[in-house]
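Naming: A, B, ... by sequence-line order, numbering from 1 per chain. Keep in mind the model is a prediction, meaning the values are calculated, not measured.
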Protein chains: 2
Amino acid sequence: MSVEKETEEKIFEAARTVFQKSGFEGARMQEIADTANINKSMLHYYYRNKDNLFFEVFKAGVKKIVPQLLAILDKDIDLKTKIGEIVEFYYLTFKEDPQLPAFIIYEMNQNTTRFKSFVKDHGIVLPQSYIDQVNTAIQAKLIKNIPPKQLLMNIVSLCLMPIVAKNMVQMLFQFDDDNFQNFLNERRQIIPEFILAGIEYKEVK
Amino acid sequence: MSVEKETEEKIFEAARTVFQKSGFEGARMQEIADTANINKSMLHYYYRNKDNLFFEVFKAGVKKIVPQLLAILDKDIDLKTKIGEIVEFYYLTFKEDPQLPAFIIYEMNQNTTRFKSFVKDHGIVLPQSYIDQVNTAIQAKLIKNIPPKQLLMNIVSLCLMPIVAKNMVQMLFQFDDDNFQNFLNERRQIIPEFILAGIEYKEVK
DNA sequence: GTCTATATAACGATAGAC
DNA sequence: GTCTATCGTTATATAGAC
């Protein structure tokens with residue numbers, strides 16, 4: 001009958017906060033317990049150990065980033081629209097959860113195994129439809145010649161890098177938090193324009 | 001008279017290896033000692049504690065990435081040449097030291113203070129000459145309208161992101177190490193072309 | 001400068017009462 | 001399910017002989 005969150009969920013949310021802030025090695029079980037406002041031994045009761053708890057947080061993070069990207073790439077829509085959707089999706093996702101991409105990318109470099117099982121379980125594959133779409137556009141001379149994976153790498157780089165390197169960017173550009181958020185917001189328009197010009201995109205009439 | 005590296009230097013090199021691989025929290029003083037092939041207490045003799053040793057490694061890393069970028073930005077050369085030099089500089093630097101950018105970017109997000117003292121000591125500032133150069137090119141209609149900081153963000157994103165997200169990229173694109181290196185090599189040409197088209201760069205005759 | 005031995009503290013994890 | 005108390009381990013760091 002309680003309207004409060006279940007203990008297990010409270011623990012998970014706290015773990016998400018602490019792991020994303022400090023990483024696996026930097027995170028402390030005690031800090032997770034304090035953040036969740038529960039007893040430390042409850043962490044072990046529900047999740048057995050630190051590795052387990054971490055992996056749940058990690059998996060949830062990957063799920064928030066990767067499948068949606070692949071789904072957009074697989075959509076039967078114009079390339080221009082597709083690029084716009086990716087930029088918007090990442091902008092909105094990381095506005096809510098700014099530490100997520102740095103967390104996932106860093107932890108994946110630390111331990112590839114963690115991700116491999118995830119890829120296997122969820123059938124994570126770059127959609128062939130996207131590859132075909134880009135190659136077709138190239139042959140039709142609608143865009144200039146660029147390998148589809150390179151194009152995707154460019155799109156994702158432009159979206160993620162500023163957020164992954166937040167402190168570095170703020171420091172070099174002397175941005176406070178407001179300036180930084182405005183900078184990101186400005187990119188919602190700049191990135192699609194930049195990419196479309198970069199591939200010399202020509203509209204289909 | 002010894003041709004071997006001094007102990008202090010051996011420690012530093014080992015610390016660089018271990019810190020860049022595992023991060024500050026994940027690094028173990030014992031592993032650094034083992035890597036350097038010296039006794040663990042020597043670490044404290046030369047560097048007093050872990051924080052100190054880490055900060056030396058961190059500072060050296062920042063020095064390898066930031067001042068050179070600012071120096072290129074400040075050069076009195078054509079914008080096209082400038083972009084090409086940045087791309088080449090980062091490609092060559094990270095071919096030798098692939099874990100460096102992820103290390104610096106991650107640790108900077110963990111602890112801004114570490115970097116602030118560095119910025120202060122080294123007078124790290126985005127050169128006004130670069131800002132002026134871009135704005136002048138925009139007014140002369142040589143490139144399309146884009147804030148100079150946004151353009152720089154794009155350049156750096158395209159160079160660094162694939163290396164920072166190495167494992168993620170390899171996984172999603174199903175690249176082995178050779179494929180990945182070829183992918184990066186291919187970008188030496190693709191990135192400058194993409195950027196110049198992206199800003200609709202027009203050569204000065 | 002370099003070693004062995006050890007102090008000290010923190011962390012993940014568990015046992016057991018309720 | 002939830003708590004207190006505590007175990008066992010591992011980490012950084014230091015003391016002191018050589």
_Test item: side-chain donor near acceptor, A/Asn182 and A/Asn185, under 3.5 Å_ =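 No, no side-chain donor-acceptor contact under 3.5 Å.
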For [X] and [N], what is the distance between atoms [atom1] and [atom2] respectively, to the nearest whole Å?
{"X": "A/Ile32", "N": "C/dC11", "atom1": "CD1", "atom2": "C1'", "answer": "12 Å"}
{"X": "B/Met29", "N": "D/dA13", "atom1": "CE", "atom2": "C1'", "answer": "8 Å"}
{"X": "A/Tyr47", "N": "C/dA13", "atom1": "OH", "atom2": "P", "answer": "15 Å"}
{"X": "A/His44", "N": "C/dT14", "atom1": "NE2", "atom2": "C1'", "answer": "8 Å"}
{"X": "B/Phe54", "N": "D/dT12", "atom1": "CZ", "atom2": "C1'", "answer": "16 Å"}
{"X": "B/Glu31", "N": "D/dT10", "atom1": "CD", "atom2": "C1'", "answer": "14 Å"}

What's the closest nucleotide to the [X] side chain, out of [options]?
{"X": "A/Tyr45", "options": "D/dT4, C/dA13, D/dT2", "value": "D/dT2"}
{"X": "B/Ser41", "options": "C/dC3, C/dA13, C/dA15", "value": "C/dC3"}
{"X": "B/Lys50", "options": "C/dC3, D/dA13, C/dG12", "value": "D/dA13"}

Reckon [X] touches a base, only the sugar-phosphate, or nothing at all at heavy-atom distances under 4.0 Å?
{"X": "A/Thr7", "result": "sugar-phosphate"}
{"X": "A/Tyr46", "result": "sugar-phosphate"}
{"X": "A/Ala33", "result": "nothing"}

*Do other residues, nucleotides or ligands put more than 12 heavy atoms under 6.0 Å from A/Asp121 CG?*
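Buried by this count: over 12 neighbours within 6.0 Å.
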*Audit row: B/Phe54, B/Phe103, ring pair (Phe, Tyr, Trp, His ring centres under 6.0 Å) steps and yes/no*: CA-CA 11 Å; B/Phe54 174 85; B/Phe103 169 70; 5.7 Å; yes
*Between A/Met42, A/Arg16, A/Glu6, which is the residue that forms a side chain to side chain contact (heavy atoms under 4.5 Å, CB included) with A/Ile11?*
A/Met42
